[in-house]
Structure formats: C-alpha cells, structure tokens
*Asks:* 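Please read through the structure below; I'll follow up with questions.
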2 protein chains.
Amino acid sequence: MPGFATDQLLQGLSVDCVIFGFHQNELKVLLLKLKQLDMWALPGGFVGVTEDVDQAATRVLSERTGLEDIFLQQFFLFGDASRHRAGHGARLAELGAIPAEWADWLDRRFVTLGYYALVEYSRVKAPKPDQTSESCEWCALNALPKLMLDHSEILTKAHDTLKKHLNDQPIGLNLLPAQFTMPELQALYETVLGTTLDRRNFQRKMLGYGILNRTGKRMTGAPHKAPWLYEFDEEKYRLALQAGLNTGW
Amino acid sequence: MPGFATDQLLQGLSVDCVIFGFHQNELKVLLLKLKQLDMWALPGGFVGVTEDVDQAATRVLSERTGLEDIFLQQFFLFGDASRHRAGHGARLAELGAIPAEWADWLDRRFVTLGYYALVEYSRVKAPKPDQTSESCEWCALNALPKLMLDHSEILTKAHDTLKKHLNDQPIGLNLLPAQFTMPELQALYETVLGTTLDRRNFQRKMLGYGILNRTGKRMTGAPHKAPWLYEFDEEKYRLALQAGLNTGW
DNA sequence: ATTTTATTGCGTCATTTTAACACAATGAAA
DNA sequence: TTTCATTGTGTTAAAATGACGCAATAAAAT
C-alpha cells in the first residue's frame, strides 16, 4: 500500500447525529446519558464495511426515535488524530460504562461523520437509550450538560451549519407539525438564529419564497385573533432545497 | 463491538482533492493520468491512522504541486458501500497499473473525503505524478477526460459546492495573482458560475464587500484603457469568509 | 501626428427589495 | 360589553439591484 502498512491504514468510522427538535419555543437536541458517568453523548454508531454511511446514520436515528422518514444531512467529518484518546476505552470499561471487550476498540483511531437531523418533536414518543446509555432525552440547546469527547464541538458545528443553511434553504418541514401558523414558523427561525425578527417583514419574505400554502383553516384556542394555518408545498419546498433561495450572483 | 465483529468495522479512509486553477479564462482541474489505462483520477491518498484528515489532504496537495499554503476545504464524504468494486484491484494489477500487492487493499471498502482547493495556476510549475500515474496535468473543466470510479461525481460536487459558496463567501485569494484587475476578477466569477455578469454592477457589488484595496498602479500592455490593479485585504477577506457576505436573515 | 478601436471608470435612472412602523380586525377572557 | 394581546394588511423611506450612457485612455492603425 502506498507508503503505509495495512494496519496503519484501517480505521474505525462512526456517525454522530445531532437531532434537532423544536418545542415550547426552544431548540432541543436528543442526547444520551452515559451509564455510570455524569456525561452525555450524541446518538451515534459505527459504520459497517458493507453499509452506506447515510444508511448508518438513518439506522442510528431510527433506533433512537423510531422514525424513518427524517431529514438527515452530513455536515462535517471530524478527523483529527487527537480525537481518540489513548486509555479512554479502558477507563470506560473500568467504570462499567461499556463491556470490557470493547475497550481496545475504543482506543483505536476512528473518525466520525457528523449528521444533523430535523425532527418534529411530538413525533418522538419515547426516545430509546442504547446499550451504553441509561436514558435518551431532549436537552435544551442553551442548557446543555457536559458532553463526552468532542461532542460539544460537533454539536456547535451542527448548529452553525444549520444557521448558515437558513440563508439559502427553507427549514420547517420535519421540524414543525404538518400545519402551523406563521408566528410558529417565525418562532422557529428566531430560535435557530438566536435573534428576533419583524413579524410583518418575516411574513412577506417567507411568502415570497412561494413554498407555503395557506389552508382555509385558522388556529383557534388562544385569546387573540386566530392566525391562519399554513402547510409546506412539498414539491416546491424540495425544489427550493436544491436550487437555493437566495440567488446571490 | 456494538453489533459487529472488528473486521467488519475497520475500513480504509482516503482523501481526494479537486484542485482548481484559473488560466486563460478557463477553470481547470489538476488530474492524474493512470498508467496503462486510458483513464484519469483525482489526486488522492490514504489517511494514516495517526494522521489528521486535513493533514493528509495537505500532504497530497503538496506532493502534487509543491505548494504548502493553499486554501483547502473538505466538502463531502463519499461513503456509499457501492463505491468499491469487487475485483477492481485485481484488474488494475493485471494491467500493471498498480503493484500486485496492492490488489487486495483496493478491493477493501473505503470511503473518501472530498476536498477542494483553490490555487494560483502560475505557482504550479511542474505538477508531479504519483506512483500509479504517468503524468499530472491541468484539464479544462469543460473538456474532462474519462475519470476512474466515482471521481466525476466528486468533481461535479466540488464544482457545485464552489458555486454555492460563491454566494456568501469571497473567492479569488489563492486563485489569482497577488495583484489583479477588476475584469480579471470578474472573469473568474463568470467562469466559475458559467454565466456572464454586468461589468459595472459587478464592480459596485464587489467593492461594496470592502475586501479589496486599490493599489495605485495600473495594468498596462493592452491596447486599451489601463485598468486599476487591486489586491485583497487579507484581514477583511478572512473575516468575510467566516461571517459570510450575504446576511440572509 | 492623428485617428481608430476596444475597453475601462464612473455615473444615471427605474425597479425591486428591505427596514421600520401604523392601524384596524379578531377571539377569548374580564 | 369592554379589555387585551395578537394577527392581517397595509404605507413609506431607504437601500440594493438591474439595465444602461458616456467620456477617458492606451496602444495599434492610419
């Protein structure tokens, strides 16, 4: 092999998923609480040699949430040599966090591919922990617990990527209920961006994209004027995802 | 290991670099002509287990071009299981394109991380082929030869990514000489985008970004009015790279 | 030396987009 | 019936964009 021995080339590949949900005007992320440790982790898994990487990410997502048809997108490969820490596996095994026979494996070098997913909060009924974790919960983005390894960095980069994508891609499908009000959509944007937006300008710009259909219905129940219910025109939504919203040049 | 045997998890990781250069109003890519085969390949290499992936890409770039300080950015991990084709290595070995002892290795599953690089054409004096190739040349993007495996797909995706990045990132540094004229910069944009732009509007918008400094000098030699020479304000250029040019929201 | 030629610098004008804000309508609760 | 917070639909000024006009100019042609 070109300049290397084979055992210097084979390495582990994993995926880590940053699963965003939106609830009570807060952006949340699905995290796993590790056994025995006061530490959390992103849902992830190893990629088998006969498996597409997308397939591995889909599998991880499905295992935690039970959902299949989710917007999922790779955003970065975290591949610094310093990611793996010698002795990490042994330490986890000692603590009983993982089976002893995994220790060697975890000390190997592996790179991880970051995915981000957008899911509708209410569709995730009972997120399931995996073998190494004792629970799986939604955590608010602005009050995150301590995360293992470089998972904080992965999460931050996912959020940054999401914010950037917002500038030329629509979001909301898969993150909001099928029908939603304009204020709800705006709250989502404001939450992701961490800013406030003018209600009227937001509506004009959003409608200008031409990806929304106004259903005849209104949302009642609140002691105010009942807002219209909208839904995404999925065909146009997907076109906008591909072509981008801002022309730029 | 979680659900897999170790030998079902270890795999090869490579980097492939799409190295863009700009010459005579054409966008070009540095390609390798494979030995014995009427086929070309992107410059690439395997990632050692003790190596950062960025470092591997930098190494590949340096080996082909001799350049060290190049803008280099990962853009996608190509990780479909169908990328590797059983028997591919054996076939190459038979043809004498690669040493026989590499055959098994090439039949393994490996994923490849795509990088794109922007280099100043004239700085690459004599691109060097690697062990498997007989030459290394600039090829015009609109007249590409046949490429091995999925390298066409990688190249196309790199170009698409570059076009998208153009909408909220400056380009030109590392791709043009230190000093350049506005028409030259515009030609670069037009070439990358594959469109024509209005000369006057381009200048207004570009200057509006505030990343250019006008040197006192003019470019003489052509039988026309001598255009001003500009250079990038590197500080502001880098800030624009991070913050993005179009605010969006 | 003068004219020609293609190209550059700088500017104009109409249109579109954006930002900031006003006001009436509404639906439940007081 | 009134109150209240919130929504739908505007308006207006400022800024950005798109489509041009025209004089200046550097070398080559006359």
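Protein chains get the first letters and strands the later ones, always in sequence-line order, with residue 1 at the start of each.
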*Asks:* Within this structure, what is the NZ-to-P distance between B/K225 and D/dA28, rounded to whole angstrom?
*Replies:*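 Whole-Å distance recorded here is 18 Å.
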
*Asks:* May I ask you to verify whether the side chain of B/R199 and the base of D/dA19 hold a donor-acceptor pair under 3.5 Å?
*Replies:*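 A donor-acceptor contact between them is absent.
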
*Asks:* How far apart are the C-alpha atoms of A/K205 and A/D198, what are their side-chain angles, what is the distance that settles it, and do they pass the salt bridge (charged side-chain N to carboxylate O under 4.0 Å, His left out) test?
*Replies:* CA-CA 11 Å; A/K205 187 163 184 171; A/D198 183 275; over 6 Å; no

*Asks:* Checking contacts here: which listed nucleotide (D/dG8, D/dT7, C/dC10) is nearest the side-chain heavy atoms of B/Q203?
*Replies:*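 Comparing D/dG8, D/dT7, C/dC10 against the side chain of B/Q203, the answer is C/dC10.
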
*Asks:* One thing to verify: whether B/D69 and B/R123 come together as a salt bridge, which I'm taking to mean a side-chain N less than 4.0 angstrom from a carboxylate O.
*Replies:*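 Yes, charged N to carboxylate O under 4.0 Å.
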
*Asks:* Of the candidate nucleotides C/dT8, C/dA19, D/dG8, which contains the atom at the shortest distance from the side chain of A/N201?
*Replies:*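 Of the options given, the side chain of A/N201 lies nearest C/dA19.
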
*Asks:* Would you call B/R83 and A/D52 a salt bridge, taking side-chain N to carboxylate O under 4.0 Å as the test?
*Replies:*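 No, this pair does not count.
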
*Asks:* In whole Å, I'd like the distance from the CZ atom of B/R218 to the P atom of D/dA26.
*Replies:*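 Rounded to whole Å, this separation is 6 Å.
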
*Asks:* Counting only non-hydrogen atoms, which of residues 208-216 of chain B are less than 4.0 Å from DNA chain D?
*Replies:*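 Those residues whose heavy atoms fall under 4.0 Å from DNA chain D, taken from residues 208-216 of chain B, amount to none.
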
*Asks:* In this structure, how many angstroms lie between the C1' atom of D/dA16 and the CG atom of A/N246, rounded?
*Replies:*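 Computing the A/N246:CG to D/dA16:C1' distance gives 13 Å.
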
*Asks:* Mind calculating the distance between CZ (B/R200) and P (D/dC22) to the nearest angstrom?
*Replies:*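 Whole-Å distance recorded here is 12 Å.
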
*Asks:* Can B/K157 and B/E153 be counted as an ion pair, charged N to O under 4.0 angstrom?
*Replies:*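 No, B/K157 and B/E153 are not salt-bridged.
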
*Asks:* What about A/R204: does its side chain form a donor-acceptor pair under 3.5 Å with the base of D/dG8?
*Replies:*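 There is none.
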
*Asks:* For A/F232 together with A/Y237, are the ring centres under 6.0 Å from each other?
*Replies:*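 Centroid distance A/Y237-A/F232: below 6.0 Å, so yes.
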
*Asks:* So which one's nearest nucleotide on DNA chain C is more toward 5', A/D198 or A/T220?
*Replies:*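 Looking at the nearest nucleotide for each, A/D198 comes out on the 5' side.
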
